[in-house]
Structure formats: C-alpha cells, structure tokens
Amino acid sequence: MENFIPGQRWISNTESELGLGLILEVSFKRVTVLYLASNEQRLYAIDNAPLSRVRFSVGDTIESTDEEKFIISSVVEQDGLITYLGKDAYGVDIQLDEIELNHHIQFNKPQDRLFTGQIDPNSWFLLRYDTWRRLQKHQQSPVKGLLGGRTSLIAHQLFIAHEAANRAAPRLMLADEVGLGKTIEAGLILHHRLIHGLSQRVLIIVPESLLHQWLVEMLRRFNLRFSVFDEARCLEELGDNNILAGTQTDEDNEYSADNPFTNAQLILASQEFFAAYPKRQRQAILAGWDMVIVDEAHHLQWSPQFASPEYEFVEHLGLISPSLILLTATPEQLGKESHFARLRLLDSDRFYDFNAFLEEEKRFEPVAKATQFLLADEPLNNDSKQLLAELLKDDNVTGLLKNLDDPEKSADARATLVNILLDHHGTGRILFRNSRQTVQGFPERERYGYSLRGEKNTEDLQQDPYYQWLVEHVKQLAGEKILLICKHAQTVIDLEQTLRNRAGIASAVFHEGMTIIERDRAAAYFADPASAARILICSEIGSEGRNFQFVQHLVLLDLPTNPDLLQQRIGRLDRIGQKHVIQIHIPYLQNTEQAVLYRWYDEGLDSFRHNSTAAQAVADVLRDELLTVIHSDDLFEINAFIDKTRALHAQIEEQLHQGRDPLLELNSCRKDVADNLIDQLRAYDHEGALWPYMEELFECYGVDTEYHSPDCFIIRPSDHLRVAHFPELSEDGMTVTDNRACALAREELQFITWEHPLVTASMELVLSSETGNATISVVRDPQLKAGQFLLECLFIVECSAPAELQIGRFLPHTPIRVLIDQTQKNLSATFSHDSLRDTGTHFDKSQIVAFLNKQRALISAILNVAEQHARTDMQSVISEATNTMLASLSAEIKRLVRLQKVNPSIKTEEIEQLKDMTMLAHEHIQAAQLRLDAVRFIITS
C-alpha cells in the first residue's frame, strides 16, 4: 500500500459522499483524514483503511477550490505530493498542488471499465440500481431511524422518540411510570440519532445492578454494541501507557492522550464506578460526548444548599454534551425540590431558582384546570371560558370559544383548544410522562397465595416445603410454561439440579454467573414451544433485561422488601403486548417473615393485582417499622401495621392523583402523530420487499439461504463467497426474520429491517465497490428492432453536507436513469428499467469489447447526451428538494417564533440555529454534484 503523507488527497471507498479527503496526521498505525466538503473527520487504522489515492492523469479535467477548471498537461510528484500543470480556458499556465483540489470532487468511471472489458453479470447492475432506489426511499422516509428497533409499535414510545430525536440537541426527562418502557424510549431516540448521523459519541450511566439490562437491551433491541467500562477496562485501554502515566500528575494525565474514554464511541458505565474513581469522572468530562444518558437520575442528590458529587458530575457532563437524557421516577414520586433538580440539569438558564420554579408552576395550574374542563365532556361555565380567553388571548380563540356551545362544532373546538394549550405548556418540551392510566394494553393480574407448613431446608431440597410445593404445582399446570424468580443464584442452581435428578422435570436456568451467550441459549431453549423445559428459574439480577411475554405463570419463591423490585419481577410478564391474564403464585411458610411480607404486599399495597406508583413512597416512610414487624409474631401488631399501610397508601395515591398533570400526559403522546407513525411503520413491515431484495443480494455475493420456518431463514457464507468476509455475518451463519411479531416472540432470531447492520452493511458493500457499474445485457422487446444497441446510464445526484443538516430528508443520494439509443434519442420514458429484462443469452465477451472500442467515439457522444439529460433532470430534483426544505424548515421556524411568546422553554438560540441550518441546507443543495455511477450496454435480439 502507498504510504500516507500529510497533504495528500484520498477518497473513502465506503463513504464517497464525504467528498475529497485530506491527510491531516499520520501516527503509529493510524491516519487522520479531514473531509472539508462535509465537515467530517475520520480516524482509520493504516493497515485496513478503506481509502483510495487520488491521482489524475494527463488529459483529465480537474477543478480547484476556487472552482477554476483546467486540463492537465503534466503531472509532477515530489516527496509523495502531486502538483498538476496545465492551461485554463484562456491559455494561461496553471500550477495546482493537490491540496488545492476542489473538496467536492467525486470519483467513479464505469465507462472506463466498460471499454476495458471489466464487465459484471447483469444481475449486479440490477442489484446496484435497486439498492440506490431503496436507499433513496429510506433516506426520505419520515420514519427513518424508527424502523430498526426490535420493539412493539407502541404509540407513546414512538411519539417520544420521534418528537425528541428530531430536535437539534434533545435535552429531556423521561419520567413514564414503571413498565411503560423508558429504556426503550431512550434506545429509540439514540438509535434514531445514530442512524441519522446526529450523534456518534454516547455515554450511558446507570446503576451497577442495571448494567447488564442496558447492555442486553441496546444490543438485542437496537443492535447497538456498547462497551462496558469499569476500572479494569480503563487500565486495559491504557495498556503499556499506563506504566508511564503513573509517573505523571493526575492533572497531566487527565489532559494527555491517555484517556481511556476516547477509545470507544458507545460507552456504558455505572454510577458506582464513577463515584469510586473521581479521576475517571474528570477524564470522562474531558473526553467529550454528543449525548449523555443517565438512568435512575432521581438518585442524584441536590438541594439549594448542597449538591452531591454524583450530581455535580452529571451537571458537568451536561454542560459539555449538547444532548442530555435523564430517566427518572415520575415527578409525583420525586417531590418538588427533587423534580426541580432534574430540570436544572437540563436547562440551568431557565430553571435557575427553586422559588421562581414554584411560582411558575402556580401560573400553570390554571392551564391544567382549563385542560380538565376541555377534556371533560361537559358544558363549560362562564368562568371556565373566561379563564381560557385570558390564557389564550394572543391566539385569537374567540370563535373557538363560541363553538364550544354548538353541539356540532364543540368536539372540534375542544380538540383545537387543547392542542393550543399543549404548545403553551412550559415543561412539555423537556418532560415526558405517561401513566398506565392513560396508556392502554396492560394485562390483568391474578394472585394466588399458598400457605405452607414446615421449615425451610436448604440442605436437602426434597424435604423443603417450597420444593415439594413447586414439584406438585408444575405437574398441576400440565406443561404450561412457568417463570420462577428467586433472590440467589445458588438457589437457582440447586433447584434445577434437584428438579432434573429427583423429579424428572426439565428446566432452564438464568443467573448472573452465566455468560450472555449461555443466558441466550437458556432463554431460547425455554422459549421454544417444542422444548422439554417447562420452567425457567431465574435469580434476581439474572431476570433483568428480559421480557417473557409468552409466559403467563410467575412464581415468586421469595419476596423482597422493596416494592419497586417486586414490580420489576412482575414486569418480566406484565408488559404492553401480554395477551394472557398473568397468574402470580406466591408460596410462603406460615409464621415467617415471608408470610408477613405476603400480607403486607397483598392487603396493604395491593401490589400483586395492580401496579402502584405510591407503593415505593409508602415503603420509604415505613421502612424501619416494616423491618421490625416482619420479625414479629404478634398478630395484633401485624394487623395494625397493615391497616396503617393501607391508609397511608390511599392517602399518597390520592395526593399523586391530585398532582397529575393531564396536559403533560397529553403532550407526552399526541395520538394523531403517533398513529401516523405506526401506520407508516406497519406499511414497511407488510410491504414484503426486504427479504426478496436480500435474497438477490445474497445470491450475487455467494451467501447461502435456507428456509427455516414461516418468515424465518438461515443464512451462512458459502464456499463461493465473493468477498473475504461478508459484513455482520459469522462463519456459523445466523437465523433471521423480517416479521416483527416473530422477532418479538423469538429473541434468538435476528430481526432484519432496512436499518439492521447486516442490511445497511450489505447495501454499502454493493454501492462502495465498482462491481455492477459496467454490464452488458441482451434484451428482447417487440418495440425494439434486433441488432440495435442502447446505453442505460445510472447517474447519482450527490449532496455532501454536515450530518446535523439531515440533508437526506430533502436531497438524498438520488438515482437518475437515462436510456439513449444509438441514434442518440432519449428513450427513458418509453422503456422502463424493469421492462428491459435480460434474456440470458451468452455472447463472446472479446467480440463485444472490440465492438465497443470501435464505437468508442459514438458511445462517448451517447454518454454526453445522457449526461445532458441527467443534468436537466437534476435541476428538477434540486428545485423540488429546495422547495421541500424551505417549506419544512420555514414552517418550523414560524411555529417556534409564535410559541416563544408564550412558552419560555423555547430559546432564541434554538430559532437562530434553525435559521442558520436553513441557509446552510440551501447552499449545500445548490452545490449538489452529478456522478455517473453505472452503465449498461444493451443489445437487442
């Protein structure tokens, strides 16, 4: 390979849209390339950099950064750098160093391959054209970024992801109730932004106990491979440099290149890790992030007098990261001060003073009251109308208020007024909160308690009352699948062995001592309807991160003292999409603490039958008393404690209900928007185009496909694979499905969509290579005389622009097809691409190539004619893209300007940034380039 030298120009083989690259720096095993056209920088490993050296030859026309063109007359190379000499249109001598070449230059000459006989099979040209068309469709899809998640199409989750991810820099709080999928919402937002190129470096901070859950959820649901960082991983990343780093001061080392957090793009770390190693906090802050996500953010302690080190760490990260997402308990559970602390992290300019925040909340109380009036299907009194008129005095709602008294117009007027109030709502742009009360689709629960006699026996499980009850109960359920959760991994292991050896009951185990692969296999074995495993035995932490919605029986072998932990256990089954009534089985020994806990949860908190937002708050108040009572054998004391729990639970539930903000919940899921997103995603799911396309691609590249079951297929590399390694495909192969329902039920299958890494990498493989850009085809058509030839040209309109502009929404890489016959007549409209089917006729390649070279002048003229037609079409494409962009962004600017008058969360900087983006998008669209991507020489028979 040619050596890299700073100042040289290279182009990316895999991302040609970045434009011409400039070598910035060459260090040991790495090379840094700057792409000025798209304002992007890449770091490559020297031994496998996907780069090609840019070298022009005598006779080629080149262009400078000043857009001055000239024909090369000679080429001079010195010390690895090239200088081009030639004359401009006026005959003036020009000398151009390669560093001065136009950054927007693109490279691909399929006509050269055609004339030299580098011909590919016709199927490759068809694949190439089909790939461009499908890529264009995906780039312009309103649901791009939301397709790839292995998730159910749930309205509130999709609305939040769509609403948040399309902002320039989302800073928001996800505060949905337990079981509504905050982790999935965060994953959808993150996946959306990564697909759009809006975020690259992401840090997720979670409690230690949730590390595995997040790791699995991001990989299994979104195909995002996060690196888990702890102190051992940091030392591993530093390697030998860590020895030298030890001789430096902490301050020197933090600012040096030896920062472990710069060695990965997607990092997952625990709050406990950062708390134990303050030095790693400083390094993480210096590493720089596009997005930071913090789970369980309500544990970060803050008051006007004191902020915990953990809170200050997240505060510093929020200052250096444009995007910050906090996942937290619902505001009702937090208390005003704690809620303000979270909002302060998101927008310290607006939420600068706690007392001012309380005053602002009071001003929004009439808004919530007015919303309740409108949502209630009852006539509004004059006081209510006066309140609405005052709140919306700048919105010209007089006519709407009059229509409230008209039976035919009342419903529409109420809906319009609610939408206006939604736009005015203060925290609605940064706070999302959905509740089970407003989100439908949760299953019913039934609980069954079993009072057991005897004493627990861990030495001989066959004599243990719990084990005896379990064996009998498994037999009674007659083959139905059961999920059992207990606290300790050792209990899991002992139970499985005894059930297998003594009772002949096959089961699977799932605990923290197993590797992820082992857990995957256990879950797949249990999920398979044909498997003998009737019960999956999980430990506490081993059950995290998995959903077993196909199971309806849950056995709780022991009860925790933490209501949230209990709900987490039940939440393995109690999720949106569960189609069965959940049956919860709780065995307990009489006169033990488990018996008291059962009664406390059942009679005091009603936690088995219903999900309670107040349960944890009650437990926090009564924690010390609970720990005393569960060891008591005084029935009177126990009954009194349960009565006290029931009364406190009712009181807190009422307080939470009164504190609910219906406007906030409406703003957290606008049904019309969400339903439209779901309709578009379902259209993609049901179009049936993905697998046929992938089959054609696999056929071209030598990947074997095998039917597995309905909508499921096995793919594996064959002995005739055309590339050394097919991307995202191991030698053992994989089983895939394009059916969302099947993927949700069978987590061992890969769910392929147009955004799955296997699919995107495959499409990139097609388009980044020259294969398929020059073909010869024999066709037969009654409208075409035999013995003619035509040239089918595929041009691509390319627009290089910074990722934050999301220019693909308006002008993605757009294929333009032009068909010219040998008389230089344009037949593009007469014969579609799909109508010109190859007959499969064999021909003498050498004779055809000889003919092509004899007709080189004519074919070159045809190419010029084709390019002229393509340029005409390109202007139409550019004009349409410009109009679409201006209409979209101008409407958003006007909306934000109007809302800024009544909603303080909309900042002037946000509006100005949108205006700048509009101007930049216009400039880049106008600078779009046309490139010949492929040609097909067609012979008629």
Side-chain angles (χ1 to χ4, degrees), residues 175-180 182 207 209-210 296-301 327-339 341-342 433-439 442 444-447 449 485 487 540 554 556 558-572 574 582 584 586 588 592-661 665:
D176 288 351
E177 284 186 7
V178 174
L180 295 185
K182 292 190 288 290
S209 61
L210 298 181
E296 303 285 341
H298 49 278
H299 293 311
L300 303 174
Q301 299 298 315
L327 282 68
T328 182
T330 56
E332 300 96 312
Q333 293 174 285
L334 297 173
K336 298 289 187 183
E337 188 173 279
S338 183
H339 182 44
R342 255 41 73 194
R433 182 213 179 279
N434 289 283
S435 67
R436 288 181 176 236
Q437 190 167 345
T438 56
V439 175
F442 284 93
E444 294 183 7
R445 298 181 189 172
E446 295 176 354
R447 70 96 181 90
I485 302 179
K487 186 174 183 180
E540 197 81 77
L554 174 65
L556 301 176
D558 47 41
L559 295 173
T561 56
N562 184 316
D564 279 353
L565 195 53
L566 176 66
Q567 291 304 326
Q568 187 180 69
R569 287 186 179 188
I570 300 173
R572 299 305 100 209
D574 185 7
I582 297 173
I584 305 172
I586 312 103
Y588 58 88
T592 64
E593 62 181 61
Q594 286 292 307
V596 178
L597 279 173
Y598 170 75
R599 286 194 59 198
W600 183 62
Y601 278 124
D602 188 44
E603 302 171 30
L605 299 173
D606 196 21
S607 293
F608 298 119
R609 281 172 287 223
H610 301 97
N611 193 78
S612 170
T613 55
Q616 189 60 45
V618 173
D620 290 341
V621 173
L622 302 178
R623 181 168 305 281
D624 293 340
E625 195 171 346
L626 171 65
L627 295 177
T628 300
V629 170
I630 60 174
H631 297 294
S632 172
D633 55 4
D634 186 335
L635 187 60
F636 177 81
E637 182 183 9
I638 294 172
N639 289 337
F641 178 69
I642 290 174
D643 290 340
K644 181 177 180 179
T645 298
R646 189 184 301 113
L648 181 59
H649 183 259
Q651 177 187 339
I652 295 179
E653 280 278 15
E654 179 62 24
Q655 291 174 355
L656 295 179
H657 179 75
Q658 294 297 329
R660 283 182 58 236
D661 185 344
E665 293 185 8

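What you see below is based on every heavy atom in this structure, not just the backbone, and it leaves out hydrogens, waters and symmetry mates.
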Can you tell if the side chain of [X] reaches within under 4.5 Å of the side chain of [Y], non-hydrogen atoms only?
X    : Y    : result
Q567 : S607 : yes
L626 : F641 : yes
L210 : Q568 : yes
P560 : R569 : yes
D558 : Y588 : no
D634 : I638 : no
I584 : I582 : yes
D606 : H649 : no

inquiry  = Can you tell me which residue among N611, L565, L554, I485 is in a side-chain contact (heavy atoms from CB on, under 4.5 Å) with I570?
reply    =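 The passing option is L554.
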key: Candidate pair Y601 and I586, rule side chain to side chain contact (heavy atoms under 4.5 Å, CB included), full reasoning   = CA-CA 11 Å; Y601 278 124; I586 312 103; over 6 Å; no
request  = Would you mind checking if D643 and R646 are paired as a salt bridge, meaning a charged N to carboxylate O distance below 4.0 Å?
outcome  =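 Yes, charged N to carboxylate O under 4.0 Å.
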Nearest 0.5 angstrom please: [X] [atom1] to [Y] [atom2], how far?
X    : Y    : atom1 : atom2 : result
R609 : E446 : CZ    : CD    : 10.0 Å
T328 : H298 : OG1   : NE2   : 5.0 Å
N639 : K644 : CG    : NZ    : 14.5 Å
L559 : K487 : CG    : NZ    : 11.5 Å
I642 : D602 : CD1   : CG    : 9.0 Å
L566 : L605 : CG    : CG    : 9.0 Å

query = Hey, is the main chain of S632 close enough, under 3.5 Å, to the side chain of E637 for a donor-acceptor pair?
reply =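 Absent.
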request  = Using atom types as modelled and distance alone, determine if a side-chain donor or acceptor of R342 lies under 3.5 Å from a backbone N or O of L300.
outcome  =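 Flag set: sc R342 to bb L300 pair under 3.5 Å.
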[X] to [Y] - nearest heavy-atom pair and separation:
X    : Y    : result
N434 : L180 : O-CD1, 3.0 Å
K182 : D176 : NZ-O, 2.9 Å
W600 : P563 : CH2-CG, 4.2 Å
R445 : D574 : NH2-OD2, 2.6 Å
R599 : L635 : NH1-CD1, 3.7 Å
I652 : A614 : CG2-CB, 3.6 Å

request  = Please lay out, stage by stage, how Q616 and D620 fare under the test side-chain hydrogen bond (donor to acceptor under 3.5 Å, both in side chains).
outcome  = CA-CA 6 Å; Q616 189 60 45; D620 290 341; 3.1 Å; yes
No-hydrogen, no-angle side-chain donor-acceptor test under 3.5 Å, H339 and E337 =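 Not at all, the side chains of H339 and E337 share no donor-acceptor pair under 3.5 Å.
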inquiry  = For E653 and S612: C-alpha separation, side-chain torsions, deciding distance, then whether side-chain hydrogen bond (donor to acceptor under 3.5 Å, both in side chains) applies.
reply    = CA-CA 8 Å; E653 280 278 15; S612 170; 3.0 Å; yes
task = Might you confirm whether atom CD of E603 has over 12 heavy atoms from other residues, nucleotides or ligands at distances under 6.0 Å?
result =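 Yes, the 6.0 Å shell around CD holds more than 12 heavy atoms from other groups.
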query = Going through the distances and angles, do Y598 and R447 end up as a side-chain hydrogen bond (donor to acceptor under 3.5 Å, both in side chains)?
reply = CA-CA 11 Å; Y598 170 75; R447 70 96 181 90; 3.2 Å; yes
